[in-house]
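What follows is a single structure, written as structure tokens, with notes after it.
Heads up: numbering here begins at 1 and tracks the sequence.
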Amino acid sequence: MALFDVKNLSFKYPGGHEHALEDVSFCVNKGEFVVVCGDTGSGKTTLLRLLKKELSPMGEKRGNVLFEGQDVLELPEREAAGKIGYVMQAPEQQIVTDKVWHELAFGLENLGVPKDVIARRVAETASYFGIENWYDKDVNELSGGQKQLLNLAAVMVMNPSVIIFDEPTSRLDPIAASNFISTIKKLNENLGITVIISEHRLEELIPLCDRLMVLRNGKVVSLGEPREVIEGLCGEKDGIVEAMPGAVRLYREMGAEGRCPLTVKEGRGFVENFGNRVCSLPEKNKEKIEKKDEKYALEFKNVFFRYGKNLPDVLKDLDFFVRQGEVFCVLGGNGAGKSTMLLSAMSFLRPYSGEIRVFDKKLRDYRGQSLFDNLVGFLPQNVQTLFLKDTAKEELAGDITALPFDVAGYLSKHPYDLSGGEQQLVGLAKVLMQKPKILLADEPTKGLDAAKKREIGNIFRKLGEQGVTVVAVTHDAEFAAEFADRCGLLFKGKIVAEATPHKFFAENNYYTTSAAVMSKGYYDGAVTIADLAKLCRLNESGNVKDGVSG
């Protein structure tokens, strides 16, 4: 008997004109690792929430969702809470207590489990997940990666049969995300936990899963063994391939046939089929980026900041500049100080030492709301904090035709009824309607599919061409490699490295791209799949005039 058996499931939100899901049918067997992918708004989150009784959305539903042969909505409360675990996209939204130890015990306490059993399970789970060193901490002291690991541990302490993950790494830095995915796979392989996971970051997940499900417009368009599904999508030139691992995207870009590479290792073998007589490409936008006489839009000079007198510095001698019209992406680990940096640039936080300048004027000299009067706009990480109205149309009161992208399809919906990616687009639209000269964006691509990320990137490029400065904090190395003019690495409150994407990602080992990893030591400076494909073609054709010979 299947663990989950979904039969002809259709769902429509209240007031919605279209189905979020339509005639979806599939089974998940015990112990399987299933990855669910699809474009922004394809129905992934809706589907996952309908698998969990407590999170099932309100609306018009047809069809059945059976768990171990029983309708999920008819499961006893204790069984529904314990057997079906769920880890959300935003770590903070799932944490309900103030202490790590209490978060681990909370679910068991609510089920009335005896204290001695709670103590044993919590101790065992904390040891398994390596939580002992921060067991007594306040949860607000944890990094994003630690919070998400705590959420997973708090689910595992309930002894679930299955864990459902809704984009659990979207707010994690690349290293924390990789570690989290490794932990999920370990639970699946070593403990037999069934895993159903929705993600846009598929580089590491695709090679690990047993089956891949692709959703489009609320329908399952493909379900099966991942390589088989992907080869079928590549053959159709399907847009979802843009979200696939770098090796897959290169395979599709080159129009290759036969067995599709999935991993970095397989991708490296694919690249080496083309030789490396031409080993690098001229650096893009080099002259623009090297200009020294352009006006500085934002400048940090030896800035120090801490959240309390007796707390450690979060920003430590932070010193960098961003030119007018530049797209500058800041990468770094969770807790490195990236969001603090952005908040300081808007005077929401006041450094105790150093100086911040906006268009060569000291930040403290901007009085009242003058800093935000068509000057600085901010897209926060939690974009929901921007929404105050009942519909997206009310949020965007004004001429939306002036926006560099289309949001017309979202206008009739309540902002909270939009998918995470759709909320991000509406939030960006609201900020851009204020026509800022500097756009500060905290994780602008989280929750977005590959096509929407490209749309955001092209918007940033267009803004730069219009003289608008963009400073984006991001965990998305692929996005930064393609759309940034410069990138900086923030470590322990200080920019420790900054360079063009060509140099930045080629020289990094961990904060880097799949293209850079696949080509490292073979080609120089190939940091995007487009770079890599161009070098492969030049070597295939023997044409060296557009490249640099090795």
Side-chain angles (χ1 to χ4, degrees), residues 39-41 89-90 144 167 169-174 177 199-201 242-243 297-298 322 325-332 334 336-343 345-346 348 376-387 392 395-396 403-407 410 415 418-466 468-490 501 511 513 528:
D39 296 336
T40 299
Q89 180 179 138
E167 297 190 35
T169 71
S170 66
R171 300 194 181 188
L172 304 185
D173 66 74
E199 264 291 356
H200 284 303
R201 287 161 75 164
E242 289 188 48
L298 178 66
V322 187
E326 195 173 27
V327 178
F328 185 72
C329 285
V330 181
L331 297 92
N334 294 99
K338 301 185 299 298
S339 295
T340 300
M341 176 197 74
L342 293 183
L343 294 173
M346 296 179 291
F348 290 173
V376 176
F378 178 51
L379 183 68
Q381 189 171 134
N382 182 7
V383 73
Q384 289 185 353
T385 59
L386 294 175
F387 302 141
E395 294 287 354
L396 304 178
L403 291 170
F405 59 103
D406 183 18
V407 292
Y410 313 139
L418 299 171
S419 71
E422 291 167 342
Q423 289 181 353
Q424 197 76 351
L425 289 173
V426 172
L428 178 58
K430 184 171 183 177
V431 174
L432 291 183
M433 289 188 74
Q434 304 304 313
K435 299 182 179 179
K437 292 183 176 63
I438 300 175
L439 173 64
L440 305 177
D442 197 352
E443 293 294 343
T445 65
K446 74 177 188 304
L448 296 183
D449 60 46
K452 288 294 189 292
K453 286 180 183 181
R454 184 172 297 280
E455 189 175 355
I456 294 292
N458 287 329
I459 292 167
F460 285 179
R461 274 183 180 164
K462 188 175 292 185
L463 290 171
E465 291 168 0
Q466 295 169 354
V468 177
T469 302
V470 179
V471 181
V473 162
T474 184
H475 291 313
D476 194 334
E478 306 280 343
F479 176 84
E482 185 166 359
F483 295 106
D485 294 316
R486 283 190 303 135
C487 297
L489 179 64
L490 192 68
Y511 286 95
T513 65
T528 67

>> Using the side chain to side chain contact (heavy atoms under 4.5 Å, CB included) criterion, which residues pair with Ala429? Sequence neighbours excluded.
In response: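 Expected list: Leu396, Leu403, Phe405, Val407.
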>> Test of understanding: with side chain to side chain contact (heavy atoms under 4.5 Å, CB included), list the residues that count as partners of Thr340, not counting sequence neighbours.
In response: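 Thr340 satisfies side chain to side chain contact (heavy atoms under 4.5 Å, CB included) with Phe305, Tyr307, Val314, Leu315, Ser344, Leu349 once adjacent residues are dropped.
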> Partners of Glu199 by salt bridge (Lys or Arg N to Asp or Glu O under 4.0 Å), sequence neighbours excluded?
Replying inline: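 Scan of Glu199 (salt bridge (Lys or Arg N to Asp or Glu O under 4.0 Å), adjacent residues dropped) gives none.
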> How would you list, by chain and number, every residue that makes a salt bridge (Lys or Arg N to Asp or Glu O under 4.0 Å) with Asp173, sequence neighbours excluded?
Replying inline: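 Asp173 satisfies salt bridge (Lys or Arg N to Asp or Glu O under 4.0 Å) with no residue once adjacent residues are dropped.
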Spatial distance of atom [atom1] ([X]) from atom [atom2] ([Y]) [nearest 0.5 Å]:
| X | Y | atom1 | atom2 | value |
| --- | --- | --- | --- | --- |
| Cys329 | Glu482 | SG | CD | 11.5 Å |
| Phe378 | Met346 | CZ | CE | 4.0 Å |
| Leu448 | Gln423 | CG | CD | 11.0 Å |
| Asp406 | Leu425 | CG | CG | 10.0 Å |
| Leu298 | Phe328 | CG | CZ | 9.5 Å |
| Leu463 | Thr469 | CG | OG1 | 10.0 Å |

Indicate the atoms forming the closest heavy-atom contact of [X] with [Y], along with that distance.
| X | Y | result |
| --- | --- | --- |
| Arg201 | Ala177 | NH2-CB, 3.2 Å |
| Phe479 | Lys453 | CE1-O, 3.4 Å |
| Val431 | Pro436 | O-CD, 3.6 Å |
| Gln424 | Thr445 | NE2-N, 4.3 Å |
| Ala477 | Thr513 | O-CG2, 3.7 Å |
| Ala472 | Pro444 | CB-CG, 4.2 Å |

Could you check if a side-chain atom of [X] sits within less than 4.5 angstrom of a side-chain atom of [Y], using non-hydrogen atoms only?
| X | Y | result |
| --- | --- | --- |
| Leu386 | Pro380 | yes |
| Phe483 | Arg454 | yes |
| His475 | Leu172 | no |
| Val330 | Met341 | yes |
| Gln381 | Ser339 | yes |

> Val470 and side-chain contact (heavy atoms from CB on, under 4.5 Å): which partner among Ile438, Ile459, Val327?
Replying inline: Val327
> Name the one of Asp476, Leu490, Thr474, Val473 that satisfies side-chain contact (heavy atoms from CB on, under 4.5 Å) with Leu331?
Replying inline: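 That would be Thr474.
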>> I need the full list of salt bridge (Lys or Arg N to Asp or Glu O under 4.0 Å) pairs touching residues 422-450, with sequence neighbours left out, sorted by first then second residue.
In response: Glu395-Lys430
> What pairs with Gln434 under side-chain hydrogen bond (donor to acceptor under 3.5 Å, both in side chains), at least two apart in sequence or on another chain?
Replying inline: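 Per chain and number, Gln434 pairs via side-chain hydrogen bond (donor to acceptor under 3.5 Å, both in side chains) with no residue.
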> Checking side chain to side chain contact (heavy atoms under 4.5 Å, CB included) for the pair Leu439/Phe460: CA distance, chi angles, key distance, verdict?
Replying inline: CA-CA 9 Å; Leu439 173 64; Phe460 285 179; 3.7 Å; yes
